[in-house]
Each structure stands twice: as C-alpha cells, then as structure tokens.
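Letters A, B, ... mirror the listed sequences (proteins, then strands); counts begin at 1.
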There are 2 protein chains.
Amino acid sequence: MTEANFTYRADSFKVAIDCILLGFDQRELKILLIHRNFEPAKGSWSLMGGFLNRDESLNDSAKRILYQLTGLEDIYLEQIFVFGDINRDPVERVLSVCFYALIKIEDYDEALGKSHDAHWFPVQKRPKLVFDHEQMVEATLNRLRRRAGYQPIGFELLPEKFTMMQLLNLYEAIYQRSFDVGNFSKKILSLGILVKTDEKLRGGSKKGSYLYSFDQERYDSVKEKGFRIIG
Amino acid sequence: MTEANFTYRADSFKVAIDCILLGFDQRELKILLIHRNFEPAKGSWSLMGGFLNRDESLNDSAKRILYQLTGLEDIYLEQIFVFGDINRDPVERVLSVCFYALIKIEDYDEALGKSHDAHWFPVQKRPKLVFDHEQMVEATLNRLRRRAGYQPIGFELLPEKFTMMQLLNLYEAIYQRSFDVGNFSKKILSLGILVKTDEKLRGGSKKGSYLYSFDQERYDSVKEKGFRIIG
DNA sequence: TCAAAAGTGTTAGTGTTACACCCATGA
DNA sequence: TCATGGGTGTAACACTAACACTTTTGA
C-alpha cells in the first residue's frame, strides 16, 4: 500500500448477518426458524443470525452461521438486502445483512437444528417474527419468485433426482398458483436442461413417474439465451 | 423496551455509502464520477461516497450524499448490494452499501458538481475506477436492465415530456442493442401509461415528433398485471 | 374393470419479429 | 421534389393457455 497510515474518521456499527433458510418438502415451501431462548425478545421466533467478525467477509460469515445451524457446506446463498433503520433492533443500533439459502431438506442435520431450537414451518403458516425479520422474509420470497423465473435455482431445493410433478409442485409453491401439467412439462423439457432417467418413482400415484436430474453442463451451454418459466 | 440494559458483544465496522448516479443525455447513458483530490487513491476516479452517521438510516445517508453532490432531492434511489470483502479498502476495513440513483440530467446542478470535481462519462467509456467500484457499476447496470424490463423506471431518466424516439434511444442505451421502431412504440403505447400531447418537438428531424408524458395514475392502475418491455 | 395420477396431443388465440410502406417537412 | 427521420400496417411465425384424451397400474 502506498497510502500514509491514517484512518478514516467515522462512526462504527455492529453488523449482524441474518439467514433465511428455505427448503421444500414435497408440497410446501418451508422456512427454518429459531425459537429464541435468549435476549432480546426471548420466547419469540426469529431468523438464524449472528454478528459479523472482523476477520471474515460477509459471505464467509453467512456460511459460518449456516454451517453452525445445519452442518451443511456448499449451499446456495445469496445476499438480499441490508436493513439499517436506526431503531430496528431494540437493544442498540445494529445493521443487518440479510442472506437467503436454499437447501435440500433431506440433507439437513436434524440433531444440530434441535440443539438451536430450530423448527421448519410452511412459509405460508409461519409465526410472527421478531424485529424486521418479517420484511426480510417478504423480500426473500419476492427475490426467489423473480429468480426462479429465469435461473434454475429451483433445482437447489429438490433432491438429486426428482419427478416432473415434484418440480411442478415446487413452482406452484413458489408462485402460489397452479400450473397446467402438460404445458409446464413441455416448457421445462424444451429448455433441454433435464436428463430423463429410466427409473420410476412410485408413490401416491399408481402409474409412477419418471425421475429426472438437472444437467449443469447442458444448462451452462444454453443459459446465454435466458430461460423463462413463468411470465 | 422490556429488555435489560445490556449491549451485544461484537466487532464494529465503519460503513460507507457509495452512490452511482446515472443520467441520460439524448443518446447515451451517463455516469457521474468524482476525480479524487483526496486520499486514498488521490488522482483516480471513483463513485461519490461518504460514511454512514450514527443518527441516519442507510437511505437517509444516501440522500444526504446525493444532495451534497447534485442539489437534488426526491430522486429515484435503490439499494444494490453491500460489499464487505476484508481488504476492499486499502486503508482499513470498511463495508460499503452501494446505491444507485437515476436523475434527469438537466436538473443537475453543474456548479455544485464542479466543486466536487465531478464529471459525466458515457457509461461505456468510463475510466477505470478505484477499489471495487467497478463491480458496483456492473451490478448496477445489470439491475437497471432487469428493472427497466418490468418497471417504468426508464422514465426517471427522461425529461417531463419526451418523444418516442428519446424513449427508444434510452432503452437502446440500457440494453446495448437496437429495437425496431414500430414494434417498440406499439408495445409501449399498448401499456396505456403514456399520454400523447399535441406538441411536437422539432430537432434533427424535419417532420418533428410528438411529445409524450408518463402518467403515474394510469400506471398505478395497470401495474398489477406486470409490464414487459423486452423479451 | 374402475379410479387415480402421469403424460401426450390438439387447437385457438395472443404476442413477437421483420419488413414494407406512407407522412410531413426543410432544403 | 427529394432526402430524411417519424410513424403505421401487415403477414409469418412462435409461444401460450386451455382442455380433451391416452396410458399405466393398484385396488
């Protein structure tokens, strides 16, 4: 560095990282919430969060917090927004950087979650959340809806192999509307990013349905022209 | 507050607000940059920025900074992203919350800008920027492209009354591609959010072209179904 | 064999693209 | 009157939405 050793004159702020963890369980979009047995707002529900440390980037901090809660690494993570109103935290001024993560619900470490008093809720039936966490969830759901329309992030929420009906249910859960089965699968298949396996999954249905998997390479080769599922 | 008077044990961070100011000048999208006559990186180009103060929200801080530079209030402002890498600022660790603003270039206070050594550059021909400001600009242009497709933010960049050709030029500047004149105006007019005045603007052309204005009320009444300018 | 879920096919309608053509006017 | 940029019309095509129909299999 060529600069003289001065420092800026400016106020300092504590910075929280709050994480919205979403998963998909057959029919519903679910969110992992923490029952707070600590102050402030002890006894109420909130997102999983923590404070940013001096030696970590924002992303690293979010990863650390998610690892503590789920035992998972390499999960889809995206910054949503910074919340910075003066009185958003009743104790003292804290900025909060909000991230959301998408996980395959079956990979989640139940025991670790229990130790943090974490519970999955259907997104539509979630309890009231503390502070401005409600806004964070709203912003995330909006972002997810937009993203899912032009990026294959939906697949982050499904197991390795999934049926067309599971994918359809996921999109119905994200958009809170129904899609025509025929039109939906035609559209998805026409993107050329799924591989059909010859396995069938029997469950609920009598006929059973084929399993597909998402093909990253094919996606990489077609993503230029963009991808539009709804709209 | 019902909480006990404790405070959190956590590291503190200085927080900068960096503002990307965009305007449109007939043909080109332009960005306002500061020639730094202060450390660090004196002599190079950067975005306009400042530090967040203890008594202001993030938005208020961005408004203050923009007011200092342009003399404008009530401008379109949107948070883009927080940049938080450990060494992003060579002097010491600073988080930066990046905002972008859209202004009508003719309202801008030239004299005030000069006093900060601010200059307009065509976005495509901007100089190299300091630190991670380049990334901020890229992220902003991407956001602007997305937004302009489904919200009428383009109108923030034009004067009160504008011709269809000016609007077309703006969209061409944002998307860096050309649009068919006929198809573009058909589509825009079909949205029903413009009012045609009977004034004509003569300039460049021999025939002259009609002036339109954006109608907020009409927009409010049709925005539910969403709006799609590019495919 | 019937009911239920998966999956295919058909069609009308809507939106998009490309491009030919007409209009008004200053030089 | 002609060159120029503004503006309109239209036909081909692609995509979408709605829904009827076929397939498979457990009960």
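- For N183(A) and dA17(D), a side-chain-to-base donor-acceptor distance below 3.5 Å is present, hydrogens and geometry of angles not being considered.
- Here the two rings, on H133(B) and W45(B), have centers that are 6.0 Å apart or farther.
- Atom-to-atom, CZ of R177(A) to P of dA17(D) comes out at 7 Å; the value is rounded to the nearest Å.
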Just the atom pairs and distances: protein N or O near nucleotides 24-26 of chain C's N or O, under 3.5 Å.
none

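- Per the geometry, CD belonging to Q166(A) stands 11 Å off P belonging to dG7(C), to the nearest Å.
- A residue-by-residue look at Y212(B) and K186(B) shows that Y212(B) has its nearest nucleotide of DNA chain D further toward the 5' end.
- Between F184(A) atom CZ and dG7(C) atom P the separation is 12 Å, expressed in whole Å.
- Taking the six-membered ring wherever Trp is involved, the centroid distance between the rings of F81(A) and F83(A) falls below 6.0 Å.
- A salt bridge does not link R126(A) with E28(A): none of the charged nitrogens is closer than 4.0 Å to a carboxylate oxygen.
- Considering only the side chain of S209(A), dA6(C) comes nearest among dA18(C), dA18(D), dA6(C).
- Residue K187(A) has a polar side-chain atom (N or O) positioned under 4.0 Å from OP1 or OP2 of dT16(D).
- Here the C1' atom of nucleotide dT11(C) and the CG atom of D180(A) are 13 Å apart, to the nearest Å.
- A cation-pi geometry, defined here as NZ or CZ lying under 6.0 Å from the six-membered ring centre and within 45° of its normal, holds between K196(A) and Y210(A).
- Ion pairing between a basic and an acidic side chain is recognised when a charged N comes within 4.0 Å of a carboxylate O; R218(B) and D215(B) show such pairing.
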For residues 154-173 of chain B, which side-chain N or O atoms pair as donor and acceptor with protein atoms under 3.5 Å away, sequence neighbours left out?
from, atom 1, to, atom 2, distance (Å)
K161(B), NZ, E199(B), OE2, 2.6
T163(B), OG1, M165(B), N, 3.4
T163(B), OG1, Q166(B), N, 3.1
Q166(B), OE1, T163(B), N, 2.8
Q166(B), NE2, Q26(B), OE1, 3.4
N169(B), ND2, M165(B), O, 3.2
Y171(B), OH, A148(B), O, 3.1
E172(B), OE2, F179(B), N, 2.9

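- The distance between atom CZ of F179(B) and atom P of dG7(D), rounded to the nearest whole Å, is 18 Å.
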